[in-house]
Amino acid sequence: MVKQRTIAKETKVQGVGLHTGKRVNLVFKPAEAGSGIEFVRVDLASQPVIKVGGDALVERSGSLRCSFLGKDHSQIQTVEHLLAALSGMGIDTIRIEIDGSEIPGLDGSSREFCELFARAGIRDLDSEAQVLTVKEPIVIQDGSASITALPYD
């Protein structure tokens, strides 16, 4: 059985958004089992919580090459490197407080996020993780861009 995982202690990072050019602060906090990955926009009066999942994907048009998550009228952009770091480190349960609309670019990869989580420590929770399995090929295409997911052991 694969367990849900979170960070062992709170940690922080700040940087500049790649597309907005604005300084942003992130505070990563351990979360309770079943919480999933949650972003909290602490810069907005209502402090909306955006849970990572299919419902939070925001369809974008134009040439801006980044991913958006949103709920109601609040959004967070350029989430891909942070989400890749969480996935790579096996972290599926965390609360991320952000005081802006874009994840900082840092070094342009997931490396600094991975190092941050490694320093904070990672701990297993008492609940089983939800593991998604690709059972048949999935292909998504948009013009000349495409992505394919294939089943694998």
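The first residue of the sequence shown is numbered 1, and numbering continues consecutively from there. What you see below is based on every heavy atom in this structure, not just the backbone, and it leaves out hydrogens, waters and symmetry mates. Keep in mind the model is a prediction, meaning the values are calculated, not measured.
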* To do: Looking only at non-hydrogen atoms, find the nearest pair between T78 and E102 and report the distance.
  => OG1-OE2, 2.6 Å

Solution key, residues 106-124 side-chain donor-acceptor pairs under 3.5 Å, sequence neighbours excluded:
residue : atom : partner : partner atom : Å
D107    : OD1  : S109    : N            : 2.9
D107    : OD1  : S109    : OG           : 2.9
D107    : OD2  : S109    : OG           : 3.1
D107    : OD2  : R111    : NE           : 3.1
D107    : OD2  : R111    : NH2          : 3.1
S109    : OG   : R111    : N            : 3.1
S110    : OG   : H81     : O            : 2.7
R111    : NH1  : E115    : OE1          : 3.3
R111    : NH1  : E115    : OE2          : 3.1
E112    : OE2  : D107    : N            : 3.3
D124    : OD1  : R5      : NE           : 3.3

* To do: Find the distance between CD1 (I94) and CZ (F39) and round it off to the nearest 0.5 Å.
  => 9.0 Å

* Asked: Mind checking whether V42 and I98 have side chains closer than 4.5 Å, heavy atoms only?
  -> no

* **Candidate pair Q130 and L132, rule side chain to side chain contact (heavy atoms under 4.5 Å, CB included), full reasoning** => CA-CA 6 Å; Q130 179 184 1; L132 301 177; 3.8 Å; yes

* Asked: Distance-only, no hydrogens or angles: does the T133 side chain make a donor-acceptor pair with backbone N or O of K135 under 3.5 Å?
  -> no

* Asked: If every non-hydrogen atom of D92 is compared with every non-hydrogen atom of A129, which pair is closest and at what distance?
  -> OD2-CB, 3.4 Å

* In chain order, what residues pass the side chain to side chain donor-acceptor pair (under 3.5 Å) check against T6, with sequence neighbours excluded? -> none

* Do L83 and V13 belong to the same hydrophobic cluster, where Ile, Leu, Val, Met, Phe, Trp and Tyr are linked whenever their side-chain heavy atoms lie under 4.5 Å apart, directly or via other members? -> yes

* To do: Walk me through it: do E10 and V27 pass the test side chain to side chain contact (heavy atoms under 4.5 Å, CB included)?
  => CA-CA 7 Å; E10 181 177 306; V27 179; 3.6 Å; yes

May I have the list of side-chain donor-acceptor pairs in residues 137-153 shorter than 3.5 Å, sequence neighbours left out?
residue : atom : partner : partner atom : Å
Q141    : NE2  : G143    : O            : 3.2

* To do: Output the distance between atom CD1 (I103) and atom CD (E80), rounded to the nearest 0.5 Å.
  => 9.5 Å

* Asked: Under the side-chain contact (heavy atoms from CB on, under 4.5 Å) test, which residues partner E128, sequence neighbours left out?
  -> M1

* To do: Evaluate the side chain to side chain contact (heavy atoms under 4.5 Å, CB included) criterion for residues T20 and S101: first the C-alpha distance (whole Å), next the side-chain angles of each, then the deciding distance (0.1 Å), finally the verdict.
  => CA-CA 8 Å; T20 63; S101 64; 4.2 Å; yes

* To do: Please examine the side chains of P48 and L44, heavy atoms only from C-beta on, and report whether any two atoms are closer than 4.5 Å.
  => yes

* To do: Using modelled atom types only, decide if a donor and an acceptor are shared between the side chain of R41 and the backbone of S74 within a distance under 3.5 Å.
  => no

* **Shortest non-hydrogen contact from V24 toward P104** => CG1-CD, 3.4 Å

* Using a 4.5 Å cut-off on heavy atoms from C-beta on, say whether the side chain of L82 contacts that of F28. => yes

* Asked: Taking the side chain as C-beta and beyond, is there a heavy-atom pair between I37 and I96 under 4.5 Å?
  -> yes

* **Listed partners of R23 passing side chain to side chain donor-acceptor pair (under 3.5 Å), at least two apart** => Q14

* Under the side chain to side chain donor-acceptor pair (under 3.5 Å) rule, what pairs show up with a residue in residues 25-38, not counting sequence neighbours? -> N25-D99, K29-E97

* Do the side chains of V40 and I50 join up, straight or via other hydrophobic residues, at under 4.5 Å, putting them in one cluster? -> no

